[in-house]
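We count ligands from 1, going down the list as the structure has it; atoms in each ligand are counted the same way. Note that the structure is predicted; figures quoted are calculated from it, not measured.
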Amino acid sequence: MPLPRRPTTLLRYLLPALLLLATVTLFTSPHALSSRLSPLLAASPWPGARHKHPIDGLIAAAEKEFEAKLARATDTIEEAAAEYRKRRGRHPPPGWDKWYAFAREKDALVVEEFWDQVYHDLEPFWGVPPAKIRRDAGRFEMRIAVRGGKAETGSDWFWTRIWLEMIKSVEEMLPDLDLALNAMDEPRMVVPWEEMRGLMRRAGESRRVVEVERVVEEFGLPAVGGREDEEGEEKGTRWEHEKHYWLIAREGCPPNSPARRAEVTTNFTAPPIANNDRLAHMRRGFVANYTLSTDFCHQPDLQALEGVFVEPLSVSSTKSLLPIFGGSKLAANNDILLPAPMYWNEEERFTGAEGASIPWAAKHPSAIWRGVATGGLNRESNWHAFQRHRFVAMNNATLLAQAESASPASNPSPLPFPLPAHAQYPHLPQPLHPWLSPLTNISFTDLMCANPGFAPGCNYTNPFYATSPSVPMAEQFHHRYLPDIDGNSFSGRYLGFLRSTSLPIKASLWREWHDARLVAWKHFVPMDCRFGDWYGILGYFLGVGGVEEGRDEVAERIAMKGREWAARVLRKEDMLVYVLRLLLEYARVVDENREVLGWVGDLR
Ligand SMILES: *[C@@H]1O[C@H](CO)[C@@H](O)[C@H](O)[C@H]1NC(C)=O
Ligand SMILES: *[C@@H]1O[C@H](CO)[C@@H](O)[C@H](O)[C@H]1NC(C)=O
Ligand SMILES: *[C@@H]1O[C@H](CO)[C@@H](O)[C@H](O)[C@H]1NC(C)=O
Ligand SMILES: *[C@@H]1O[C@H](CO)[C@@H](O)[C@H](O)[C@H]1NC(C)=O
Ligand SMILES: *[C@@H]1O[C@H](CO)[C@@H](O)[C@H](O)[C@H]1NC(C)=O
């Protein structure tokens, strides 16, 4: 059935939204607008606000958060071990002295919370018998094995080869162990919240700083699995292939959370209503808690706003807790994070190294984005729910003009995005499209049609999107602003963006190894996954002619601070220091003696 350009079904769906919008927005000419805005501006449009603009407050808070983080850096192994015991509730693992010496040799900054992700990922395994973890790892389809200080794999898969190279850089410091690796882009585990609570309780019961005399400082049995005599049930892992991944993912949320309680959307033919008002991670229209913004348990509308929840490329997921390592995951997944292979590999297409040092002043004051219409399998019946489609459409002045001129009664437009409520972003011009048009250069390079035979392009999205040639990353760095939008999973460009002299504007649901090292609004600009704040962010930095000055120097400062910080804590050396810490902890949690294993060199 062909999709009409303006289906009445969409009209019916949109009408309430547009009526709502009309009540809060002021459909006026730009001229009428500025006269209306100036008195508002003088009196500060955010009543009761200490800061003139909400983003000023968020930046000030980020400065403080960052200062506090730096102040927790330690300088000696004794201090680092003390911080460790305080934060982790256990002794550091055997091999800690080697780890510490390695970190020092690599000139790594030691702030204990930099490794929070390691503990977040491994803690539940303290609730699983070590023999079971070893057996599961030893049997997994894709593995790296360390034996006698040598890492090896039988796999030719390119991600695995890259990870092998990374692990080889620290192999001589590792005990024997097996690493199960995820070969897919998508994460592999969602242990239901109720079960996870049990595992965490058991883990908590084992957590203690044991008396120094009882501590054993050497790993015991080789941390490898599959011994014949080990008891335990022989049950094959059950893999689910449910394409509607929201149903799997939300099981990781608490039973009383909005994600678990909200009605499940199964019909994605209508554009979603995306309202960021009153969400716990937002304050006055902008992201105030980036970590929380990547958690979807309080954001049930994201089930119809993110391709991964609607129809990922592939799903193979289990509810069992298996020791599977991967490069990124959603908040509800239980995979163990390693630095992603593309970060380790530093290919030009992900780093754009050649252009990464262009001086700020030499760049265009505009935003660029190029990418493929990924996010999952986009189809005629679901593409409205895909984040990249939404983002590209929001930056198409023609579509934006259509949306803005649509009068609620006669001419609603079938676009995959809602207009942000003007009341929430009072600094923005109306209409937006003439202002936005020269500021962004954003398009798809491929429409990635999931339905074969719909080519050329993709007949259901062709009316809305024109593809343009891809722009190498080095050339993208000629623009000051770099929005970064999730594809099928995390965006492999992010590290390259951070290392550059341009400013990354990041909207993501994916967690990565480096999250605890970065401070939003200090090293990058966070954006809500609905993108309702996108125009407000551009308005803040680029200004609104005649109404509001831009803050180019603030943008430049965040870009440079992010670059400096990436050169300090996101180097390949830092990845190795992370991996060595992670694998020593992993070797302990799979050891029969794990509860008494530790390093107490500073206490003896
Ligand atoms: C797209 O092409 C397919 C295959 O020819 C056809 O079945 C479908 O109706 C077309 N859709 C639109 C919106 O034109
Ligand atoms: C999906 O929703 C639209 C209204 O937006 C409706 O016309 C259509 O019949 C629904 N499809 C299914 C399969 O229920
Ligand atoms: C951000 O949210 C997390 C929960 O995900 C919470 O633990 C943390 O305290 C919050 N941070 C701030 C600064 O409110
Ligand atoms: C957008 O960027 C491309 C690639 O750099 C360039 O060729 C094109 O002229 C730009 N478009 C506009 C409208 O500036
Ligand atoms: C912008 O939207 C118009 C109208 O739907 C469409 O024809 C055009 O191809 C779009 N441009 C881009 C760059 O996607």
Can you see which heavy atom on F296 is nearest to which on A332, and at what distance? CZ-CB, 3.6 Å

For D185, which residues count as a side chain to side chain donor-acceptor pair (under 3.5 Å) partner, sequence neighbours excluded? none

Numbered atoms of ligand 1 (with element) below 4.0 Å of E380, judged on heavy atoms: 11 (N), 13 (C)

For E195, salt bridge (charged side-chain N to carboxylate O under 4.0 Å, His left out) partners two or more places apart: none

List the residues meeting side chain to side chain contact (heavy atoms under 4.5 Å, CB included) with T266, not counting sequence neighbours, and say none if there are none. H244, V264

Tabulation required: pairs of a nitrogen or oxygen in ligand 3 and a protein nitrogen or oxygen under 3.5 Å; columns are atom names and distance to 0.1 Å; otherwise 'none'.
from	atom 1	to	atom 2	distance (Å)
ligand 3	2 (O)	N289	OD1	3.4
ligand 3	2 (O)	N289	ND2	2.3
ligand 3	11 (N)	N289	ND2	2.9

Report the residue from Y343, W510, W513 that forms a ring pair (Phe, Tyr, Trp, His ring centres under 6.0 Å) with F490. Y343

Using the benzene-type ring in the case of Trp, are the ring centres of W534 and F391 under 6.0 Å apart? yes

